[in-house]
Amino acid sequence: MKLAQQVISAELTQFESRFRDAVKSRVALLDRIMEYIVKRKGKQMRPMFVLLSAKLGGEINDSSYRAASLVELIHTASLVHDDVIDDSNMRRGFFSINALWKNKIAVMVGDYLLMKALLLALNNREYVVLDALAEAVKVMAEGELLQFEKSRKLNLREDIYYDIIKGKTASLLSSSCEAGASTTFTDPEKVQKLKVFGEKVGMAFQIKDDLFDYGSQDIGKPTGNDIKEKKLTLPLIYTLNNCSADLKKQLIYIIKNQNTQKDKVKFVIDAVVASGGIRYAEQKMESYRDEALTILHEFPESQVRNALEELVRYTTDRKY
Ligand code: FPP
Ligand code: MG
């Protein structure tokens, strides 16, 4: 991520200060929570995609910064809500908002962040940027609901898995690149290209995230959580569709009835590894990455393009 950070280093500092301002609140409790959120910032990959997509088309301007803040506000809101939905107590290596302040507060904090995003766009008449991002929020909620519906029925279909991750993750990355590009490019075709680029990156990003759940590295949030939540992701979907009938029965029984027992969850993880489910998901992730890079290479070579390429490669090679 070094080159990306270098190419937009001044802009990232500027973004951080604007983001801090964007989440200020006069309500003491909210302000405390906002401070907690700002301090435990994530990798800031989405704002980086916004700013680099913008810089690919020209000088980063006020609208580009607002697009970056908007995206980070929406992303943070979605994670605060997601940890309530997934009943997860860790995020970015620290306690989640619901773990520290309980679900009721976390739900309101997510709503607050979302409304801050909406107001930031409206108060500055950022209608083009808002248009790109409002669609993403809707699609994200649809993706989460589809995931919920399918987890109850133990979805085994790969195409439905792709629909889910396209909604919950790829839509925001796609809109991030689109929104950033819309602040500098004049050619709508180029903006469209970056939108598709972002979608491919987003697909690769979520497959990587789902692969982490099968690992044992410290990634700042719990692993094995997907099985606990009956979330069938690509490594497991592949395994269930390609293993013996006996093993399939056994695995489904565990996912349905013993998903909170550590040794049983480990049995599932070991079976996924042994059946090649991890390697299969990695290949799919790499193929989305390559699709993204092919689109990116339609733009002339430059330092900004190289930085975007590096960020794409980071998405699939990252350790957390
Ligand atoms: C993380 O997935 C969650 C998302 C990528 C999207 C969450 C979307 C919503 C809650 C709906 C939209 C809501 C708002 C406020 C915009 P995960 O649970 O697979 O990953 P994790 O391991 O990081 O929790
Ligand atoms: Mg989650």
Side-chain angles (χ1 to χ4, degrees), residues 1 5 8-51 54 60 62-126 129-130 132-134 136-138 140-141 144 168-169 171-173 175-176 179-180 183 209 219-222 320:
M1 219 159 42
Q5 275 163 338
I8 47 167
S9 111
E11 287 94 338
L12 276 173
T13 312
Q14 175 74 242
F15 157 75
E16 285 196 21
S17 123
R18 286 175 183 239
F19 183 72
R20 222 174 304 123
D21 288 345
V23 296
K24 278 217 172 94
S25 165
R26 270 180 296 191
V27 179
L29 173 60
L30 261 175
D31 208 47
R32 236 182 29 243
I33 299 176
M34 292 303 138
E35 202 181 306
Y36 183 79
I37 286 175
V38 170
K39 269 206 193 125
R40 281 134 190 103
K41 61 179 182 188
K43 300 179 280 292
Q44 299 192 322
M45 292 190 67
R46 288 160 192 81
M48 285 166 95
F49 273 108
V50 174
L51 296 173
I60 288 179
D62 276 348
S63 291
S64 326
Y65 284 119
R66 279 187 213 114
S69 288
L70 232 73
V71 164
E72 194 63 2
L73 283 166
I74 293 170
H75 173 58
T76 311
S78 75
L79 293 184
V80 172
H81 279 179
D82 181 71
D83 286 337
V84 173
I85 296 166
D86 289 349
D87 194 20
S88 182
N89 55 9
M90 291 292 274
R91 172 70 65 185
R92 295 169 174 170
F94 294 90
F95 286 117
S96 58
I97 305 294
N98 47 308
L100 285 176
W101 284 279
K102 303 287 171 244
N103 282 353
K104 288 180 191 182
I105 300 228
V107 169
M108 282 185 288
V109 166
D111 290 347
Y112 178 76
L113 287 164
L114 202 54
M115 281 307 116
K116 280 281 204 183
L118 187 58
L119 283 169
L120 178 66
L122 288 176
N123 290 340
N124 294 285
R125 299 178 191 282
E126 296 288 1
V129 165
L130 183 59
L133 291 166
V137 175
K138 182 197 79 178
M140 284 166 85
E144 282 275 301
K168 72 172 196 179
T169 304
S171 63
L172 187 60
L173 257 157
S175 299
S176 299
T183 65
D209 200 73
I219 52 162
K221 57 187 178 186
Y320 69 100

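- Qualifying salt bridge (charged side-chain N to carboxylate O under 4.0 Å, His left out) partners for K39, counting only residues two or more places apart in sequence or in other chains: E35.
- We find that R18 and D62 are joined by a salt bridge, their nearest charged nitrogen and carboxylate oxygen being less than 4.0 Å apart.
- Here the closest heavy-atom approach between residue K43 and residue M1 is recorded as O-CE, 4.3 Å.
- Summarising the local packing, OH of Y36 is surrounded by more than 12 heavy atoms from other residues, nucleotides or ligands at distances under 6.0 Å.
- Q44 contributes atom CD, which lies 5.0 Å from atom CZ of F15 (distance to the nearest 0.5 angstrom).
- Q5 meets the side chain to side chain donor-acceptor pair (under 3.5 Å) test with no other residue; sequence neighbours excluded.
- Remark: S25 OG to K116 NZ distance equals 6.5 Å, nearest 0.5 Å.
- Taking S96 as the reference, N98 meet the side chain to side chain donor-acceptor pair (under 3.5 Å) condition, with sequence neighbours excluded.
- For K24, the side chain to side chain donor-acceptor pair (under 3.5 Å) partners at least two apart in sequence or on another chain are D21.
- Under the 3.5 Å distance criterion, the side-chain polar atoms of S17 are left unmatched by any main-chain donor or acceptor of T13.
- Residues meeting the side chain to side chain donor-acceptor pair (under 3.5 Å) test with T169, sequence neighbours left out: Q206.
- Counting only residues at least two apart or in different chains, ring-ring contact (aromatic ring centres under 6.0 Å, His included) contacts with residues 67-87 are absent.
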